[in-house]
Amino acid sequence: MKIFISLFLLSMSTFASAEFCTSAIKDQYSQYEYQNFTRSSYSYDDACFQAITDCRRALADAQSQGRYYNANCLITSSAPTPPPRPPQENLICRTDLLDYWGNTIRQFTAQSWDARSACDQSDEFCRMELSRGRNNGARCLNMGIINQRPNPRPRPQTVVETCQSSRLDPAGMYVEGYTGRAEGPRGSDVKGEACREAMSLCSRELVGRQTCRLER
């Protein structure tokens with residue numbers, strides 16, 4: 001069975017790389033074509049040699065029977081048959097809709113012969129879905145072309161940090177607490193951003209001589 005499959009694949013590859021040539025039995029004015037013969041080989045010259053040989057053999061047999069008396073064999077294909085051009089790859093781009101915590105809610109894909117067009121379209125699909133409901137911190141993240149490499153473009157690692165602040169009365173007594181939250185790339189000042197948000201939330205509700213204190 002393996003030998004059969006190997007021979008089949010070999011014959012297919014041979015056919016795909018072969019050159020073709022056509023000869024024909026034509027009348028003496030080359031206006032009427034009686035028969036034609038198309039042959040294939042590894043080279044164009046060899047294919048034409050086979051085609052003209054078979055043509056002359058058939059012409060000789062026909063003339064022995066009184067047919068095609070004033071005919072000749074001529075090559076009718078003027079150049080080797082060019083190999084078919086491979087089709088251009090259809091590129092697929094993906095955009096993910098992520099929730100506030102970076103989890104994937106839904107994936108959108110689009111196809112095009114051009115990478116930029118495919119990614120613009122997948123981004124547009126995601127934005128349309130995003131506009132249908134409440135944002136709630138959701139966002140679109142383009143993952144790039146996904147059918148040119150084993151895995152989609154890796155998403156940058158992100159971290160989530162929280163920070164607490166307290167609102168105090170003039171005597172320094174606790175009144176209310178606030179929590180700031182931030183998300184960002186690992187290694188950046190995510191904690192600081194969370195603390196700035198916590199202090200901002202507290203500052204908005206200060207009354208009189210009240211103060212805000214950061215609870216790290």
Colleague: Quick check: do Ile145 and Cys119 have side-chain heavy atoms less than 4.5 Å from each other?
Modeller: yes
Colleague: Quick check: closest heavy atoms across Arg213 and Met199, and the distance to 0.1 Å?
Modeller: C-SD, 4.2 Å
Colleague: Out of Leu130, Leu141, Asn103, which residue meets the side chain to side chain contact (heavy atoms under 4.5 Å, CB included) rule with Leu97?
Modeller: Leu130
Colleague: Identify the residue among Thr162, Leu214, Val190 that makes a side chain to side chain contact (heavy atoms under 4.5 Å, CB included) with Cys195.
Modeller: Leu214
Colleague: Where is the tightest heavy-atom contact between Ser165 and Cys202, given as atom of each residue plus distance?
Modeller: OG-CB, 3.7 Å
Colleague: Tell me, please, which residues at least two apart from Ala110 pass side chain to side chain contact (heavy atoms under 4.5 Å, CB included).
Modeller: Gln121, Ser122, Phe125
Colleague: What's the shortest heavy-atom distance between Gln35 and Tyr68, and which atoms?
Modeller: OE1-CE1, 3.7 Å
Colleague: When rounded to the nearest 0.5 angstrom, what distance separates CG in Asp114 from CG in Asp120?
Modeller: 8.5 Å
Colleague: May I have all residue pairs that pass salt bridge (Lys or Arg N to Asp or Glu O under 4.0 Å) and include part of residues 24-39, sequence neighbours excluded?
Modeller: Arg39-Asp54
Colleague: Run Phe108 and Met128 through side chain to side chain contact (heavy atoms under 4.5 Å, CB included) and show every step you take.
Modeller: CA-CA 11 Å; Phe108 302 87; Met128 290 174 61; over 6 Å; no
Colleague: Checking Ser200 side chain against Arg196 main chain: does a donor-acceptor pair fall under 3.5 Å?
Modeller: no
Colleague: Side chain to side chain contact (heavy atoms under 4.5 Å, CB included) for Ser112 and Leu91? Distances and angles first, verdict last.
Modeller: CA-CA 5 Å; Ser112 177; Leu91 303 176; 5.9 Å; no
Colleague: Restricting to side-chain hydrogen bond (donor to acceptor under 3.5 Å, both in side chains), what partner residues turn up for Arg67, sequence neighbours left out?
Modeller: none
Colleague: Less than 4.0 angstrom from a charged side-chain N to a carboxylate O is my criterion; do Arg106 and Glu129 meet it?
Modeller: yes
Colleague: Linking I/L/V/M/F/W/Y whenever any side-chain heavy atoms sit under 4.5 Å apart, do Ile25 and Tyr32 land together?
Modeller: yes
Colleague: Are Asp96 and Arg94 ion-paired here, with the side-chain N under 4.0 Å from a carboxylate O?
Modeller: yes
Colleague: With rounding to the nearest 0.5 Å, note down the distance linking CG in Asp99 to OG1 in Thr104.
Modeller: 8.0 Å
Colleague: Which heavy atom in Cys21 sits nearest to a heavy atom in Ala47, and how many Å separate them?
Modeller: CB-C, 3.7 Å
Colleague: Answer yes or no: is there a side-chain heavy-atom contact under 4.5 Å between Leu206 and Arg167?
Modeller: yes
Colleague: From Ile75 CD1 over to Cys55 SG, what is the distance, rounded to the nearest 0.5 angstrom?
Modeller: 8.0 Å
Colleague: First locate atom CG of Leu59, then atom CZ of Phe37, and finally report the distance between them rounded to the nearest 0.5 Å.
Modeller: 8.5 Å
Colleague: Tell me whether Glu193 is salt-bridged to Arg181, with the criterion being a basic N under 4.0 Å from an acidic carboxylate O.
Modeller: no
Colleague: Do Asn36 and Thr22 pair up side chain to side chain, a donor and an acceptor below 3.5 Å, judged on atom types alone?
Modeller: no
Colleague: Taking the side chain as every heavy atom from C-beta outward, state whether Leu168 and Met173 have any atom pair closer than 4.5 Å.
Modeller: no
Colleague: How long is the span from the OG atom in Ser166 to the CD atom in Gln210, to the nearest 0.5 Å?
Modeller: 12.0 Å
Colleague: Which pair of non-hydrogen atoms, one from Arg56 and one from Cys73, has the smallest distance, and what is that distance?
Modeller: N-SG, 3.4 Å
Colleague: Report the C-alpha distance between Cys212 and Ser203 in whole Å, list the side-chain angles of each, state the deciding distance to 0.1 Å, and finish with yes or no for side chain to side chain contact (heavy atoms under 4.5 Å, CB included).
Modeller: CA-CA 7 Å; Cys212 291; Ser203 299; 4.1 Å; yes
Colleague: Any side-chain to backbone donor/acceptor pair from Thr158 onto Gly184? Under 3.5 Å, distance only.
Modeller: no
Colleague: Please round to the nearest 0.5 Å and tell me the distance separating atom CD of Glu197 and atom OH of Tyr178.
Modeller: 13.5 Å
